[in-house]
2 protein chains.
Amino acid sequence: MTKTMTKGATALPLNTILSGDCIEAMRTLPDASIDLIFADPPYNLQLKGDLHRPDNSRVDAVDDAWDRFATFETYDAFTRAWLAEARRLLKPTGAIWVIGSYHNVFRLGAELQNQGYWILNDVVWRKSNPMPNFRGKRLTNAHETLIWASKSEGSKYTFNYEALKALNEGTQMRSDWVLPICTGHERLKDANGDKAHPTQKPESLLHRVLLGTTNPGDVVLDPFFGTGTTGAVAKMLGRDWIGIEREAAYREVAEARLKRIRKYDRDALAVTTSKRAEPRVPFGQLVERGMLRPGEVLTSLNGQKSAKVRADGTLVADDVKGSIHQVGAHLEGAPSCNGWTYWCFRRDGKTVPIDLLRQQIRAEMAAS
Amino acid sequence: MTKTMTKGATALPLNTILSGDCIEAMRTLPDASIDLIFADPPYNLQLKGDLHRPDNSRVDAVDDAWDRFATFETYDAFTRAWLAEARRLLKPTGAIWVIGSYHNVFRLGAELQNQGYWILNDVVWRKSNPMPNFRGKRLTNAHETLIWASKSEGSKYTFNYEALKALNEGTQMRSDWVLPICTGHERLKDANGDKAHPTQKPESLLHRVLLGTTNPGDVVLDPFFGTGTTGAVAKMLGRDWIGIEREAAYREVAEARLKRIRKYDRDALAVTTSKRAEPRVPFGQLVERGMLRPGEVLTSLNGQKSAKVRADGTLVADDVKGSIHQVGAHLEGAPSCNGWTYWCFRRDGKTVPIDLLRQQIRAEMAAS
DNA sequence: AGTTGTCCTGAATCTTGTC
DNA sequence: GGACAAGATTCAGGACAAC
């Protein structure tokens with residue numbers, strides 16, 4: 001199950017949990033080796049004393065030592081250090097997700113920008129079943145914030161637009177995600193039957209993150225692995241993962257969890273792809289193959305413009321000649337035009353977009 | 001209409017718009033004289049070139065000089081200065097709201113914390129009708145973030161818990177607010193019929209803020225007054241207001257607007273109650289939540305057809321893939337198909353329509 | 001009068017491959 | 001790396017005209 005990938009002199013410990021401090025552990029990994037980082041750092045909650053519900057039961061809040069920082073300066077220094085190390089590990093096409101609440105997310109976001117990361121979206125995880133505000137002194141804190149950032153301004157990044165659109169039943173995915181918190185059988189328990197980790201994230205959240213911003217075979221690093229939700233979903237989705245976790249108790253729970261996980265089968269992992277991923281087909285090929293004849297007249301989608309096909313795969317209209325895109329843009333007075341969907345031809349008395357012919361060619365290419 | 005309140009040696013120019021730079025104008029106001037500040041500062045959007053919709057129309061972007069800052073350092077210095085001045089003006093029981101997008105809100109939040117403000121909540125304004133992401137390169141940017149902070153840790157603040165609960169049909173107001181953007185008749189136009197201000201906020205948003213965190217007679221300051229939404233809602237709700245605006249054109253529009261406003265305009269109040277429709281549940285959410293597993297086989301109601309679930313919430317059958325509706329329609333040779341009632345899955349040896357899972361999700365949503 | 005269809009617009013960090 | 005060309009890409013809602 002565990003595999004090792006060698007890059008230069010340094011091996012990448014795929015599908016394992018590294019122990020120890022996250023910054024020191026990251027230092028052992030090579031430059032530019034990671035496709036995606038998902039980080040759920042301590043929230044620096046600054047809770048004073050216990051909180052009780054109206055019935056006087058005590059709320060089991062996050063009060064672990066790892067969540068306590070003396071000052072904002074201490075927290076910022078920590079944030080600066082691990083984000084810098086994370087950035088070193090990212091491939092030029094890599095990206096990072098961080099999650100936080102109002103206690104820490106503003107400091108995370110500002111530091112991401114300071115280090116040259118380029119924010120792509122902030123995403124609101126809207127909890128469908130949050131804990132109410134028992135005292136009635138504030139609004140119910142019903143969301144957490146994620147930040148998605150690429151390594152640098154202008155750098156490439158992975159975004160499976162069509163897959164997320166499909167997941168949202170045909171309309172493009174928005175920056176607000178409504179998902180339940182992690183409860184029930186998904187919530188891991190320790191030997192005493194208490195929750196194994198105070199802030200276990202739901203697998204649905206990671207499913208959306210990893211499906212949308214990684215590809216199968218990508219390497220996903222989680223420097224605050226906890227009970228391993230990132231690894232679990234990565235494994236199901238056929239991504240490689242690396243976890244870092246300081247607390248032995250969490251590592252043990254995560255190890256056991258990951259052993260149980262099975263990868264989805266191949267068919268299930270295929271997602272809806274974008275047209276951009278399809279091979280390019282030059283318009284001239286339609287003429288060469290005789291699908292369109294030189295001299296044949298194409299009409300615009302609305303039927304108001306027309307142009308004639310030439311033997312070299314260009315079009316000519318009254319006062320302009322050029323590619324299907326150029327002629328279309330010129331006739332419409334538009335900055336650009338997708339000639340494939342703009343131009344139509346006639347077959348059997350019907351008017352059909354030329355994109356249909358491109359699809360035929362692509363189907364043949366796929367079959368062979 | 002304009003009244004003046006004397007505090008020590010300095011008068012408070014209630015219900016007027018001050019002209020000039022917001023920091024200089026704030027300097028003319030006395031210490032500890034303001035109950036609430038609502039601030040909608042420039043977002044520093046950093047837009048580069050033009051953007052066109054798929055229909056080739058050009059997006060009218062925010063490219064005003066007042067939104068341009070050379071660097072993050074310049075923006076931070078500006079933020080630091082006006083937030084410090086704002087804090088001086090706040091009464092010990094005062095509070096501040098700031099609004100921003102991912103471009104600037106992390107810097108706002110961090111600086112609030114640095115100066116000793118105490119964050120009470122961050123609030124997400126989820127737009128019911130945001131502008132889409134036209135190029136399909138990111139998530140639809142469908143929200144903006146507000147931060148609500150008191151003057152200091154432990155300081156008192158105003159929170160009308162019951163009023164907000166009532167506004168929310170009897171359940172605690174949450175930190176995510178679904179409200180439409182400002183369009184239609186509410187959107188102010190200039191003499192040419194163009195929008196008077198590029199970023200006019202909806203009155204519904206201010207209504208919720210002022211109703212929830214001020215009392216009648218309180219003094220509300222907006223240092224980035226624009227076309228005066230804060231003043232308009234304050235006036236309707238019987239709060240006093242002070243606006244600061246640098247641009248003469250915006251001041252004129254705001255003056256005219258405020259003259260028209262009457263206290264307790266019942267029609268305007270009605271706008272704020274949000275309509276609650278049956279929430280749409282994308283099929284993909286069943287997969288994300290683990291209610292159905294990628295690779296699992298669904299069968300048609302009559303048991304004769306089957307299809308496999310994919311990780312992005314689409315189905316795949318022998319020769320077709322797509323949404324639950326598309327695949328159902330194709331297999332039946334029908335023009336359309338309601339996949340929710342057509343497809344079934346097996347649990348505990350029984351065959352159950354997937355609509356049952358949707359009903360579960362809706363029940364959870366209604367309960368929260 | 002009511003219904004249907006067209007057009008317009010909104011705080012936006014909005015392309016990619018080849019030569 | 002820069003210039004140029006190919007070509008991919010949108011949702012909700014209000015205003016207004018057409019029917």
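The sequence lines fix the lettering, A, B, ..., with proteins before strands; numbering per chain opens at 1.
- The NE2-C1' distance, from B/His197 to C/dG10, rounds to 14 Å in whole Å.
- Summarising the geometry, the separation between CG on B/Asp64 and P on C/dA11 is reported as 12 Å, rounded to the nearest angstrom.
- Note on A/Leu120: nothing from the nucleic acid sits closer than 4.0 angstrom, heavy atoms only.
- For B/Lys195 against C/dA11, a side-chain-to-base donor-acceptor contact under 3.5 Å is absent.
- An OP1 or OP2 oxygen of D/dA15 is reached within less than 4.0 angstrom by a side-chain nitrogen or oxygen of B/His185.
- Among the heavy atoms of the strands, none lies under 4.0 Å from A/Thr341.
- B/Gly49 comes within contact range of at least one nucleobase, with a heavy-atom separation under 4.0 Å.
- B/Asp63 places its CG atom 14 Å from the C1' atom of C/dG10, with the value rounded to the nearest Å.
- B/Arg138 contributes a side-chain N or O that forms a donor-acceptor pair with the base of C/dT13 under 3.5 Å.
- Comparing atom distances between the A/Tyr161 side chain and each of D/dG14, D/dA12, D/dT10 picks out D/dT10 as nearest.
- B/Trp66 does not carry B/Arg246 over the face of its six-membered ring by the limits of under 6.0 Å from the centre and within 45° of the normal.
- In terms of position along DNA chain C, the nucleotide closest to B/Trp125 lies nearer the 5' end than the nucleotide closest to the other residue of the pair B/Trp125 and B/Phe134.
- Glycosidic conformation at C/dT4 (O4'-C1'-N9-C4 for purines, O4'-C1'-N1-C2 for pyrimidines): anti, more than 90° from 0.
- Counting non-hydrogen atoms under 4.0 angstrom, B/His52 reaches nothing in the nucleic acid.
- Taking every side-chain heavy atom of B/Pro54 into account, D/dT10 is the closest of C/dA11, D/dA6, D/dT10.
- Of the two residues near DNA chain D, A/Phe283 and B/Gly184, the one whose nearest nucleotide lies more 5' is A/Phe283.
- Comparing C/dT13, C/dA11, C/dG10 against the side chain of B/Lys127 picks out C/dA11 as the nearest.
- One can place CZ of B/Arg58 at 18 Å from C1' of D/dT10, the figure rounded to the nearest angstrom.
- As judged by a 4.0 angstrom heavy-atom cut-off over every strand, B/Pro130 is placed among the base-contacting residues.
- Two rings, from A/Trp148 and A/Phe159, have their centers less than 6.0 Å apart.
- Looking at which nucleotide of DNA chain D each of A/Gln172 and A/Asp355 is closest to, the 5′-most match is held by A/Asp355.
- For the pair B/Pro42 and A/Tyr157, nearest-nucleotide mapping onto DNA chain C gives the more 5' position to B/Pro42.
- Across the P atoms, C/dA11 and D/dG7 are found 34 Å apart, a figure rounded to whole Å.
- As judged by a 4.0 angstrom heavy-atom cut-off over every strand, B/Thr140 is placed among residues making no nucleic acid contact.
- Considering only side-chain N and O atoms, B/Lys137 lies nowhere under 4.0 angstrom from the phosphate OP1 or OP2 of C/dT13.
- Of the candidates D/dA8, D/dA6, C/dT9, the closest approach to any side-chain atom of A/Arg362 belongs to D/dA8.
- Between the side chain of A/Glu332 and the backbone N or O of A/Cys337 there is no donor-acceptor pair closer than 3.5 Å.
- When heavy atoms are screened at a 4.0 angstrom cut-off, A/Glu162 is found touching the sugar-phosphate backbone but no base atom.
- B/Pro202 comes within 4.0 angstrom of no nucleic acid atom, judged by non-hydrogen atoms across all strands.
- Among D/dC11, D/dG13, C/dA11, the nucleotide with an atom closest to any side-chain atom of B/Asp67 is C/dA11.
- Contacts of A/Val281 with the nucleic acid, taken as non-hydrogen atoms under 4.0 Å apart, involve only primed sugar atoms and P, OP1 or OP2.
- Relative to the six-membered ring of A/Trp177, A/Arg126 misses at least one condition, a distance below 6.0 Å or an angle of at most 45° to the axis.
- D/dA5 sits 23 Å from C/dC14 when the P atoms are compared, rounded to a whole Å.
- Across all strands shown, A/Lys275 has heavy atoms under 4.0 Å from sugar-phosphate atoms exclusively, and none from any base.
- Geometrically, A/Arg107 does not engage B/Phe106 in a cation-pi contact defined by less than 6.0 Å to the ring centre and at most 45° from the axis.
- Residue A/Lys165 is classed as a sugar-phosphate contact, given heavy-atom separations below 4.0 Å to backbone atoms only.
- Distance alone, capped at 3.5 Å, places no donor-acceptor pair between the B/Asn104 side chain and the B/Leu108 backbone.
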Exercise for the section: Walk me through it: do A/Trp343 and A/Ser300 pass the test side-chain hydrogen bond (donor to acceptor under 3.5 Å, both in side chains)? Expected result: CA-CA 5 Å; A/Trp343 292 109; A/Ser300 64; over 6 Å; no

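- Rounded to a whole angstrom, the distance from the C1' atom of D/dT9 to that of C/dA12 is 14 Å.
- The base of D/dA12 has none of its N or O atoms less than 3.5 Å from a complementary donor or acceptor on the side chain of B/Thr183.
- Listed pair A/His325 / D/dA6 fails the phosphate criterion, with no side-chain N or O lying under 4.0 Å from OP1 or OP2.
- No contact: B/Asn104 has no heavy atom under 4.0 Å from any strand.
- If you measure from atom CE of A/Met173 to atom P of D/dT10, you get 14 Å, rounded to the nearest angstrom.
- At a threshold of 4.0 angstrom between heavy atoms, the contacts of A/Arg358 are confined to the sugar-phosphate backbone, with no base atom among them.
- In this model, no donor atom of one side chain and acceptor atom of the other lie less than 3.5 Å apart for A/Tyr117 and A/Glu111.
- The base of D/dA8 does not come close enough to the side chain of A/Arg276 for any donor and acceptor atom to sit less than 3.5 Å apart.
- Considering only side-chain atoms of A/Ser336, the nucleotide from C/dA11, C/dG17, D/dA8 that sits closest is D/dA8.
- Between the side chains of B/Arg251 and B/Thr227, not a single donor N or O lies within less than 3.5 Å of an accepting N or O.
- Listed pair A/Lys156 / C/dG17 meets the phosphate criterion, a side-chain N or O lying under 4.0 Å from OP1 or OP2.
- With D/dA8, C/dA11, D/dT10 as the candidates, the nucleotide lying closest to the side chain of A/Trp340 is D/dA8.
- Between B/Phe78 and B/Phe69, the ring center distance clears the sub-6.0 Å criterion.
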Exercise for the section: For DNA chain C, produce a single dot-bracket line, 5' to 3'. Pairs: Watson-Crick or G-U wobble, both distances under 3.5 Å. Symbols: ( ) within strand, [ ] crossing, | other strand, . unpaired. Expected result: .|||||||||....|||||

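- Between the C1' atom of C/dA12 and the CZ atom of B/Arg68 lies a distance of 15 Å, rounded to the nearest Å.
- Between the C1' atoms of D/dT10 and C/dC8, the separation comes to 13 Å (whole Å).
- Within the 4.0 Å cut-off from OP1 or OP2 of D/dT9, at least one side-chain nitrogen or oxygen of A/Ser274 is found.
- One atom, CG of B/Asp50, and another, C1' of C/dT13, lie 14 Å apart when rounded to the nearest Å.
- B/Asn44 comes within contact range of no nucleotide atom at all, as no heavy-atom separation falls under 4.0 Å.
- What separates CG of B/Leu51 from P of C/dA12 is a distance of 9 Å, to the nearest Å.
- Side chain of A/Gln172 to backbone of B/Asn133: a donor-acceptor contact under 3.5 angstrom is found.
- A distance below 6.0 Å separates the ring centres of B/His197 and B/Tyr250.
- For C/dA12, neither phosphate oxygen OP1 nor OP2 lies less than 4.0 angstrom from any side-chain nitrogen or oxygen of B/Asn141.
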